[in-house]
Amino acid sequence: MRYDIQETEAKWQDRWEDERVFNVSEDPTRPKFYNVQMYPYPSGDLHMGHLRNYSYVDLLTRYKRMQGFNVLSPMGWDSFGLPAENAAIKTGVHPREFTETQIARMKTQLRRLGAVYDWDRELASHSPDYYRWDQWLFLELYDRGLAYKRNAPVNWCPVDQTVLANEQVVDGRCERCDSVVIKRDLDQWFFKITDYAQRLLDDLDHLDAWPDRVRTMQRNWIGRSEGCTFSMEVAGTDVSFDVYTTRPDTAFGMTFAVLAPEHPLVDDLIAGTEHETAARSYIDAANGLSEIDRLAEGDKTGVFTGRFAINPVNSSQVPIWIADYVLMGYGTGAIMAVPGQDQRDWDFATKYGIEIIRTVQPPDDFEGEAYLGDGPAINSEFLDGMQMADAKSTIIEWFEEKGLGKGTVNFRVRDWLISRQRYWGCPIPMITCPTDGLVPVPADQLPVIHPDVEDYAPGGRSPLAAVESFVNVECPVCGGPAKRETDTMDTFVDSSWYYLRYCDAQNSEAIFDPAKVDYWMEVDQYIGGVEHAVLHLLYARFITKVFHDMGMVEAKEPFRALFTQGMLVKDGAKMSKSKGNVVSPEEYYARYGADAIRLFELFIGPPTDDAVWSDNGVEGTSRFLDRVWRMATDQVGKIEERPASDADREVLAEAHRMVQKVTEDIDRFSFNTAVAHLMTFANTLQAALRDGLARETHTESIRLMLLLLSPMAPHLSHELWERLGHGSMLATEAWPRWDPELVARDVVTMVIQVNGKVRDRVDVPADIDAATAEAIALASERIAEWLGGGEIRKVIARPPNIVNIVVG
RNA sequence: GCCCGGGUGGCGAAAUCGGUAGACGCUGGGGGCUUAAACCCCCCUGUCCGAGAGGACGUGUGGGUUCAAAUCCCACCCCGGGCACCA
């Protein structure tokens, strides 16, 4: 036993905190490093899966600090949200009380791991000190026209009884509870993220320290497409409608047009016609279906309106259909249908017997139906013979010259719906007055604090709506009776700016001091789960850009580097409370201590990959720590001084190679191999000590190991550092450097191949030249056997590593 | 369907630029220490052939490029993730 684990680990946890080792302030004389993990929802108990992430973050905090950076690593709580509210419904305990108990428990557990933060900057989104600035931000957005209320069909989760943002609907289901989402028409608040779509897209190109995967997901989510919007008249009427297409070059192949069932023109077109009854029942059926059911239908369905539209390129009349494969939410909610070049249109046309005209010549061997590829235009009058790109720009010019349409850009991303009909969130600071309409709550009346309620149960509207004393308020403009907004904000609003607040967390006068934010921002390393690739990470980028435009933040992007860690898996599933497969750290703390757990979490596999939990692993890293302890302590005072030998120098060289490899591996987030290099050196040192070698370099070897180990297994390395008589605290020591001369090898093993197969290995000087290497290879006795008198066709020498002799 | 990842021993994995495949750890086996056990220490642990020296094979499958391929190219299979009636 190396020491009393509980006692010693607690001792160092106290000292790091009491001596404020990781509390920092702005210091322009040192390079800064802002290290942030996605602040957690306070769900209560940390399991091994969580500890993996915290081990990474803490490693970086300590490592960067030793490298001389002014490191800010703060911690906070994403403490609004449904779990606390659902617990309140069940138990009657106020969500605040529930949440704060959970936070206290999680803090204790973070401390137990030895994770260090600047706790002076702790924040929690449910605290009025925090969410008053949510409200302030909301009003700033409102002033700038970036927050607006409108009646719109929205995603409604029937179980959680609230609306959801598009980003929170996954495969037509609620991201949180998995129930099928339905459409409802509601008056809701939106943030105008679409105004920032182009910048959010463009700046992805500069985020080269982000995983490509996340950038691709954001690109797809933003979904930019270039095309053309033009207007089509309805024959025999004075109405017209716009269509959007990415393939205006195929306009001559339009054989019908389609309106989404929700299209505002639909009513007018069918009213009083013989088609009205059929159309009406089709529309009603479509409206009653959830997005999932619409898709599940498989086959495309639609109904003819009896009307015709005039194709502006050739004045031909095409039938107007209503079909739910056209979505009201994208483009103009109406399309020109070109079955020859669009598979969906092809399917529809085939089913309903509509004419098909090809306007791009498919290759001779083409066997498909609709042809989407490039080729010369046909049946397209003045476009005939042009390739797609040419035809596209020519027809757009033509539309623009005639004033019939224009080139347009379309985005898939929609405005961010932030209203929620739930209690445990930040109240939206708006008032509706019968005289003055929508009126913002004056800034000096913030925060709008939500009152306690008796019933948290969701009933299709916010529980706050039942509290008359909250709802009824004087209009700030006219003083007359008015009503408060009772919806709360999406919790993703809270999390879209907390990393700015950390920079000045205790400011009671302003959301933050821009000077402090400019010192710390951008976040140098952001760490979290990939599940936020298009939710939080897109919202946070949007809000940062808004602050930039407000002149309050210099940075245009919040997170310079993003690291998305893998999940911990057990029994084939992600470790989580709901799956019932969590491994609780308690018994491991008792048996092995925090260091062995941390080291195993680092060692278990590549940090970006999912990893499988194994009980034996902690045993292994604990053994390694025991060995380090023994090597460091058993030999103290027993080492006889002797002159340095070649063996000593070689051990020291290995120690420096370890320093180099561990440093480089941490820098490239290869923590598992960094640990492996420490183990390899420990094996080398142990063998040398056993053989009575490496006496003189022993002290230096241990010193270097402890420095490297300190961000990974901080308790043991601090304790040893102190016991070995170093007067300083290890955490404040400088990260070691390696001596390149020592690291370089004089002699290396050269591989000799015959026809690409390894046949011999010889030690050669590292600076050997090609001719000598070749000569040595050809002189090898073992090689001679393999050459067997055959003709040597070629010798490839890559000194000092390899010589390949080709015989034939 | 489209777009990303990934597939290497009994297991987790390593191989950073095309140059010794399997570092490091786990598991398992053998031995030492011990009255005994635990701890600890030493040796072995990809498959096959061989007493051994050694040899053949081997990174999902099939081809290709190359003196040389886990790594590059083509086709395919499987697993994971994202997007998906987006006009």
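Chain letters run A, B, ... following the sequence lines, proteins first, then strands; residues in each count from 1.
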According to the interplanar angle, ranging from 0 to 90°, do the rings of [X] and [Y] count as parallel (below 30°), tilted (30 to 60°) or perpendicular (above 60°)?
X	Y	value
A/Trp613	A/Phe600	perpendicular
A/His536	A/His532	perpendicular
A/Tyr56	A/Phe563	perpendicular
A/Phe348	A/Phe256	parallel

Checking all strands, does [X] fall into the base, sugar-phosphate, or nothing category for heavy-atom contacts under 4.0 angstrom?
X	answer
A/Asp665	base
A/Arg215	nothing
A/Gln753	base
A/Glu531	nothing
A/Thr245	sugar-phosphate
A/Val612	nothing
A/Gly331	nothing
A/Ile796	base

Check the phosphate of [N] against [X], side-chain N and O only, distance under 4.0 Å to OP1 or OP2. Yes or no?
X	N	answer
A/Gln686	B/rC40	no
A/Tyr244	B/rA87	no
A/Arg412	B/rC83	no
A/Lys757	B/rC67	no
A/Asn683	B/rG25	yes
A/Arg630	B/rC41	yes
A/Asn672	B/rA14	yes

Watson-Crick or G-U wobble partner for [N], using a 3.5 Å limit on both distances?
N	value
B/rG12	B/rC24
B/rG1	B/rC83
B/rU61	B/rA75
B/rC40	B/rG32
B/rA56	B/rU47
B/rG18	none
B/rU66	none

Candidate nucleotides [options], ranked by approach to the side chain of [X] - the nearest:
X	options	result
A/Val806	B/rG81, B/rG25, B/rC67	B/rC67
A/Arg761	B/rU20, B/rA87, B/rA14	B/rU20
A/Arg690	B/rA15, B/rU20, B/rC41	B/rC41
A/Tyr325	B/rG25, B/rC85, B/rA87	B/rC85
A/Ile802	B/rA13, B/rC83, B/rG19	B/rG19
A/Thr749	B/rA87, B/rG12, B/rU20	B/rU20
A/Asn616	B/rC24, B/rU27, B/rC85	B/rU27
A/Val758	B/rA14, B/rU20, B/rG25	B/rU20

Next on the checklist: Within 90° of 0 counts as syn, otherwise anti: where does B/rC17 fall?
Outcome noted: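 This nucleotide is in syn.
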Checklist entry - B/rG58: syn or anti, with syn meaning chi within 90° of zero? => result anti
Suppose you measure atom [atom1] in [N] against the same atom in [M]; what distance do you get, rounded to whole Å?
N	M	atom1	answer
B/rC77	B/rG22	P	33 Å
B/rG82	B/rA75	C1'	25 Å
B/rA69	B/rU8	C1'	14 Å
B/rA36	B/rC44	P	26 Å
B/rC72	B/rC83	C1'	29 Å
B/rA23	B/rU47	P	13 Å
B/rG50	B/rG55	C1'	8 Å
B/rG19	B/rG6	C1'	25 Å

Next on the checklist: side-chain hydrogen bond (donor to acceptor under 3.5 Å, both in side chains) for A/Thr749 and A/Asp763? Distances and angles first, verdict last.
Outcome noted: CA-CA 4 Å; A/Thr749 302; A/Asp763 284 346; 3.2 Å; yes
May I have the distance from [X] (atom [atom1]) to [N] (atom [atom2]), rounded to whole angstrom?
X	N	atom1	atom2	answer
A/Asp615	B/rC11	CG	P	18 Å
A/Asp691	B/rC41	CG	C1'	12 Å
A/Asp760	B/rG54	CG	C1'	14 Å
A/Trp346	B/rA87	CH2	C1'	18 Å
A/Asp347	B/rA84	CG	C1'	15 Å

Checklist outcome for this item: Only residue of A/Thr246, A/Thr245, A/Thr229 satisfying side-chain hydrogen bond (donor to acceptor under 3.5 Å, both in side chains) with A/Thr408 is A/Thr229
Item to check | Of A/His677 and A/Asp212, the one whose closest RNA chain B nucleotide lies more 5' | outcome: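 The 5'-side residue here is A/Asp212.
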Checklist entry - When the nearest nucleotide of RNA chain B is assigned to A/Phe411 and to A/Arg623 on a heavy-atom basis, which residue is associated with the more 5' position? => result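 The residue whose closest nucleotide sits nearer the 5' end is A/Arg623.
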Item to check | Donor-acceptor pair between A/Gln341 and A/Arg247 side chains, under 3.5 angstrom | outcome: no
Item to check | Chi angles and distances behind the side-chain hydrogen bond (donor to acceptor under 3.5 Å, both in side chains) call for A/Thr673, A/Asp665 | outcome: CA-CA 7 Å; A/Thr673 52; A/Asp665 280 357; 2.8 Å; yes
Next on the checklist: Which heavy atom of A/Pro312 sits nearest to which heavy atom of A/Phe399, and what is that distance?
Outcome noted: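 Answer, listing the atom of A/Pro312 first, then A/Phe399: CG-CE2, 3.9 Å.
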Any N or O donor-acceptor pair under 3.5 Å from the base of [N] to the side chain of [X]?
X	N	answer
A/Asn804	B/rC67	yes
A/Arg798	B/rG19	yes
A/Lys300	B/rC85	yes

Next on the checklist: Using a 6.0 Å distance limit plus a 45 degree cone around the ring axis, check whether A/Arg215 lies over the aromatic ring of A/Trp210.
Outcome noted: no
